[in-house]
Amino acid sequence: ALSQTFHATLTKEQWLTSQKNAFQQARGQELLHYINEHFQENLTLKDVASHAGMNASYLSAYFRTNLGIGFYEYLIRQRLSHAVYLLNHTSDSILDIALDSGFSDLKPFYSAFNKYLHISPGKYRKALHDQTKEAPIGASVELAFDTPAVLDKLLAYSKTSFSAHSILVDFLDFSHT
């Protein structure tokens, strides 16, 4: 009887753990979806925390724990991903691309672009135009935050979320050669 009680307790604890993990994954997917839908806006940690019914400090820790990167780094990645897409596929001005990607003006856009892509947006676009058809667009782009741990966590979120999967595909498309 004691072994059956222990087994039942262990099973209940395992079930509770699996439920907690499923809840955390669903919550993470909802957060990523919200950010991915609103990254072009003046989005803040406080805005996302309010939307999710969390305190901003908890959300910040939640992001770092579950994705291995901070909220603002994730937001910048989304904005840069969109900007790279626009640089690749439009002739829009760099200012228009910066604003359409959620940056408040050119200074933070240039700063983020240089920090993560090690090239200015204008030089990046010029390099695209200079490439031949044999070199795929974006082949030379490598993001400084491209780590297996981050990719593994994004992949885990993407397995059940189309939105997160799309993000991961976009991220992999322009961050790997």
Side-chain angles (χ1 to χ4, degrees), residues 28-29 31-49 51-52 54 56-131 135-158 161 163-177:
Q29 289 170 0
L31 288 169
L32 293 179
H33 178 75
Y34 182 78
I35 293 166
N36 299 335
E37 292 295 315
H38 298 275
F39 73 90
Q40 293 170 290
E41 301 166 15
N42 184 19
L43 195 62
T44 65
L45 178 67
K46 187 177 177 181
D47 295 334
V48 176
H51 170 77
M54 296 177 168
S57 296
Y58 178 79
L59 176 61
S60 181
Y62 180 89
F63 244 85
R64 191 152 304 279
T65 299
N66 289 291
L67 286 180
I69 59 173
F71 166 78
Y72 284 106
E73 186 173 345
Y74 182 84
L75 180 60
I76 294 297
R77 281 190 208 192
Q78 284 306 106
R79 290 175 173 172
L80 287 174
S81 176
H82 184 69
V84 166
Y85 176 84
L86 293 175
L87 286 166
N88 286 336
H89 296 93
T90 72
S91 60
D92 294 351
S93 73
I94 295 199
L95 175 60
D96 288 342
I97 289 172
L99 297 175
D100 188 55
S101 298
F103 292 93
S104 58
D105 61 49
L106 284 175
K107 186 175 179 179
F109 177 59
Y110 270 85
S111 177
F113 210 95
N114 281 311
K115 178 180 179 181
Y116 292 111
L117 300 169
H118 310 291
I119 190 170
S120 73
K123 286 182 182 177
Y124 175 82
R125 179 177 263 170
K126 183 178 180 333
L128 288 175
H129 292 293
D130 294 344
Q131 287 180 343
I137 290 177
S140 63
V141 176
E142 289 187 34
L143 297 176
F145 45 75
D146 180 11
T147 63
V150 171
L151 293 175
D152 288 345
K153 290 180 180 192
L154 283 172
L155 185 58
Y157 276 109
S158 75
S161 169
S163 177
H165 180 73
S166 297
I167 296 157
L168 182 60
V169 168
D170 291 345
F171 174 74
L172 292 173
D173 283 347
F174 83 92
S175 68
H176 289 87
T177 55

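Only a predicted model underlies this, so the values are computations on that prediction, with no experimental measurement involved.
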Note: Leu80 and Ala112 closest approach over all heavy atoms is CD1-O, 3.9 Å
Sub-4.5 Å side-chain heavy-atom contact between His82 and Gln78: no
* So does Asn42 have more than 12 non-hydrogen atoms from other groups sitting under 6.0 Å from CG? -> no
| said: Can you classify the ring geometry of Tyr58 versus Tyr62 as parallel (below 30°), tilted (30 to 60°) or perpendicular (above 60°)? | reply: tilted
| message | Between Leu86 and Ser101, is there a side-chain heavy-atom distance shorter than 4.5 Å? | response | yes
Got Leu43 and Arg79 here, is their nearest side-chain heavy-atom distance under 4.5 Å? yes
**Prompt:** Looking at side-chain heavy atoms only, is the closest gap between Arg77 and Ile69 below 4.5 Å?
**Reply:** yes
Scanning both residues in full, the closest heavy-atom pair of Phe109 with Pro121 reads CE2-CG, 3.4 Å
In this structure, CD1 of Ile94 is separated from OH of Tyr110 (nearest 0.5 Å) by 4.0 Å
Review point. Is any side-chain heavy atom of Tyr85 closer than 4.5 Å to a side-chain heavy atom of Thr90?
Key: no
Rounding to 0.5 Å, atoms CZ (Phe63) and CG (Leu32) come to a distance of 5.5 Å
Rounded to the nearest 0.5 Å, the CG atom of Leu99 sits from the OG atom of Ser93 at a distance of 8.0 Å
Residues Ile97 and Arg125: closest non-hydrogen pair is CD1-NH2, 3.2 Å
dist His129:NE2 -> Leu87:CG (nearest 0.5 Å) comes out at 8.5 Å
Would you mind reporting whether Thr44 and Phe71 have side-chain heavy atoms less than 4.5 Å apart?
-> no
- Would Met54 and Leu31 satisfy side-chain contact (heavy atoms from CB on, under 4.5 Å), going step by step from the backbone distance to the final call? CA-CA 11 Å; Met54 296 177 168; Leu31 288 169; 4.1 Å; yes
d(Leu45 CG, Ser57 OG) to nearest 0.5 Å is 8.0 Å
Review point. If we only count heavy atoms from C-beta on, is the Val84 to Phe113 side-chain gap below 4.5 Å?
Key: yes
Contact check, side chains of Lys115 and Ile76, non-hydrogen atoms, under 4.5 Å:
no
The reported gap from CG in Leu128 to CG in Asn88 (rounded to nearest 0.5 angstrom) is 5.0 Å
Practice item. Classify the angle between the aromatic ring planes of His51 and Tyr34 as parallel (below 30°), tilted (30 to 60°) or perpendicular (above 60°). Key: parallel
